[in-house]
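Take a look at the structure set out below.
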Amino acid sequence: MQTLRHVLVATDFSPSARRAVSRAALLPLDPRAELTLAHVLVPQPLATKREIRSRARDELAAERRRLEATLGRAVEAIVLEGEPFVEIVRASRQRHADLVVLGRHSHSRDLLALGTTAERVVRKGSVPTLIVRPDAVRPYARPVVAIDRTDVAATIVELARKVLGSHAALRLVHAYHVPFASFMQMSIAKGEVDAFREELRDEAHASLQKLVSSYGGEAREWRMSVRAGEPSAVILRELLRRDADIVVLGTHGRSGLSHLLLGSVAEAVLEAAPCDVLIGRPERFTFELP
């Protein structure tokens, strides 16, 4: 199993950013892992630029020392300048990071209309991104992994194991949709509709079971939930039902306009989830930075 070898944590020194730094310190890092703490300065007038840069360096150095004391290892600290999401994505690529960690500003309600730094990093970046919401006080213990397409299910599970640790007890949740359900209820006997719905559920359950079985004894503590309904609603209900502390899911933006989108399921979960959200992008794509 792959482990976390390089984690990049972005901070603007806000409370939400400090929660992200605290969470990074609790991740199951590889013994030789590198951790980079990054702060991005937006362009400033020359009259104030030197003072602001100096202040940022001092505050970042203090943050680095606290993190080094917690981790017992050296931490790289960098000050960048430019558009925050662009510089975070650029730094993650240059350092070949395998995870970006950011805080989520709780006051932002119009996130997907306006786009916060965190959401833009998810949209434009190719590195899995962990968006931290509550205070980080202990390692993750109640993870929910949302599985949709079977061809990328193993990729999402591997991402979960990489970030949560190989011994994490995963709860896999899959939502299946009954196509043309209302039409069938009007034109087909109820027994046939129920049989079709049961067939879809059994297929989804069998697919998850096959995935779990491929991990053998490592998956002894894993559990599965297969439920009918709209995927984002099913996932959010499961998070509340399990009092989850993290949800792991994929998003499928590929090119063109889809670079601006997370996908409807990921958007809805990211906006409404009460816990941390880890998003991976199964498809490989390229976004050209300015």
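It should be emphasised that the depicted structure is a prediction, and the values quoted were computed from it without experimental measurement.
Between the side chain of Asp245 and the backbone N or O of Arg142, at least one donor-acceptor pair lies under 3.5 Å. For the pair Arg104 (side chain) and Leu270 (backbone), a donor-acceptor distance under 3.5 Å is present. At distances below 3.5 Å, at least one donor-acceptor pair connects side-chain atoms of Ser213 with backbone N or O atoms of Gln209. Side-chain atoms of His174 come within 3.5 Å of backbone N or O of Ile147 as a donor-acceptor pair. For the pair Asp98 (side chain) and His6 (backbone), a donor-acceptor distance under 3.5 Å is present. The backbone N or O of Arg138 sits less than 3.5 Å from a side-chain atom of Arg23, completing a donor-acceptor pair. Not a single donor-acceptor pair under 3.5 Å links the side chain of Thr129 to the backbone N or O of Gly125. With hydrogens and angles ignored, the 3.5 Å screen pairs no side-chain donor or acceptor of Ser54 with any backbone N or O of Arg50. With Ser232 contributing its side chain and Glu230 its backbone, the two residues share no donor-acceptor pair below 3.5 Å. In terms of modelled atom types and a separation under 3.5 Å, the side chain of Asp30 and the main chain of Thr3 share no donor-acceptor contact.
Nearest heavy-atom pair, Leu8 versus Ser92, reported as atom, atom and distance to 0.1 Å: CD1-N, 3.9 Å. Contact record, Ala175 with Pro231: CB-CA, 3.6 Å, taken as the closest heavy-atom pair. Between His39 and Asp12, the shortest heavy-atom distance links the atoms ND1-CA, 3.7 Å. In this structure, Ala266 and Gly250 approach most closely via the heavy-atom pair CB-O, 4.4 Å. Closest approach of Val269 to Val277, counting heavy atoms only: O-CG2, 4.5 Å. Contact between Lys124 and Arg93 at its shortest, heavy atoms only, is O-NH2, 3.7 Å.
For the atom pair Asp148 CG and Leu249 CG, the distance stands at 8.5 Å (nearest 0.5 Å). Rounded to the nearest 0.5 angstrom, Leu60 CG and Leu37 CG are separated by 5.0 Å. The distance from atom CD of Glu271 to atom CG of Leu236, rounded to the nearest 0.5 Å, is 10.0 Å. Arg161 contributes atom CZ, which lies 11.5 Å from atom CG of Leu159 (distance to the nearest 0.5 angstrom). Cys275 contributes atom SG, which lies 13.5 Å from atom CZ of Arg242 (distance to the nearest 0.5 angstrom). Distance CG/Leu80 to CD1/Ile88: 8.5 Å, rounded to 0.5 Å.
Look at Glu34 and Arg73 and you find no salt bridge, because none of the NZ, NE, NH1 or NH2 atoms lies under 4.0 Å from a carboxylate O. Salt-bridge annotation for Arg64 and Glu76: absent, with no side-chain N of the basic residue lying under 4.0 Å from a carboxylate O of the acidic one. Between Asp276 and Arg133 there is no salt bridge, since no side-chain N of the basic residue sits under 4.0 Å from a carboxylate O of the acidic one.
With hydrogens and angles left out, the side-chain atoms of Thr11 and Arg18 include no donor and acceptor closer than 3.5 Å.
Contact of the Glu158 side chain with the Lys162 side chain is not registered, since no non-hydrogen atoms from C-beta on lie closer than 4.5 Å. Counting heavy atoms from C-beta outward, Ile246 and Val144 have side chains that stay 4.5 Å or more apart. Between Arg237 and Arg227 there is no side-chain heavy-atom pair separated by less than 4.5 Å. Side-chain contact check for Tyr176 versus Val234: every heavy-atom pair is 4.5 Å or farther apart. Side-chain contact between Met224 and Val212 is present, with at least one heavy-atom pair separated by less than 4.5 Å. Pro28 places none of its side-chain heavy atoms less than 4.5 Å from the side chain of Leu164. Side-chain contact between Glu59 and Glu63 is absent, with no heavy-atom pair separated by less than 4.5 Å.
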Intermediate values then yes/no, salt bridge (charged side-chain N to carboxylate O under 4.0 Å, His left out), Arg55 and Glu51: CA-CA 6 Å; Arg55 191 182 309 161; Glu51 180 184 350; 2.7 Å; yes
Apply side chain to side chain contact (heavy atoms under 4.5 Å, CB included) to the pair Val163 and Val248, showing each step before the final yes or no. CA-CA 10 Å; Val163 175; Val248 186; over 6 Å; no
As a quick check of understanding, evaluate side chain to side chain contact (heavy atoms under 4.5 Å, CB included) for Leu278 and Val247, giving each step before the final call. CA-CA 6 Å; Leu278 171 61; Val247 56; over 6 Å; no
Give the intermediate values and the outcome of salt bridge (charged side-chain N to carboxylate O under 4.0 Å, His left out) for residues Glu68 and Arg65. CA-CA 5 Å; Glu68 287 179 333; Arg65 289 192 293 271; over 6 Å; no
Verdict with reasoning, Glu203 to Glu199, per side chain to side chain contact (heavy atoms under 4.5 Å, CB included): CA-CA 6 Å; Glu203 287 178 358; Glu199 181 182 344; 3.5 Å; yes
CA sep, side-chain torsions, deciding dist, call: Arg5, Arg32, side chain to side chain contact (heavy atoms under 4.5 Å, CB included): CA-CA 7 Å; Arg5 302 296 299 272; Arg32 295 170 294 177; 4.0 Å; yes
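Atom CD of Gln2 has 12 or fewer heavy atoms from other residues, nucleotides or ligands within 6.0 Å.
Each of Leu26 and Leu35 belongs to its own hydrophobic cluster when Ile, Leu, Val, Met, Phe, Trp and Tyr are linked at side-chain heavy-atom distances under 4.5 angstrom. Linking ILVMFWY side-chain heavy atoms closer than 4.5 Å, directly or via other members, places Ile52 and Phe13 in a single hydrophobic cluster.
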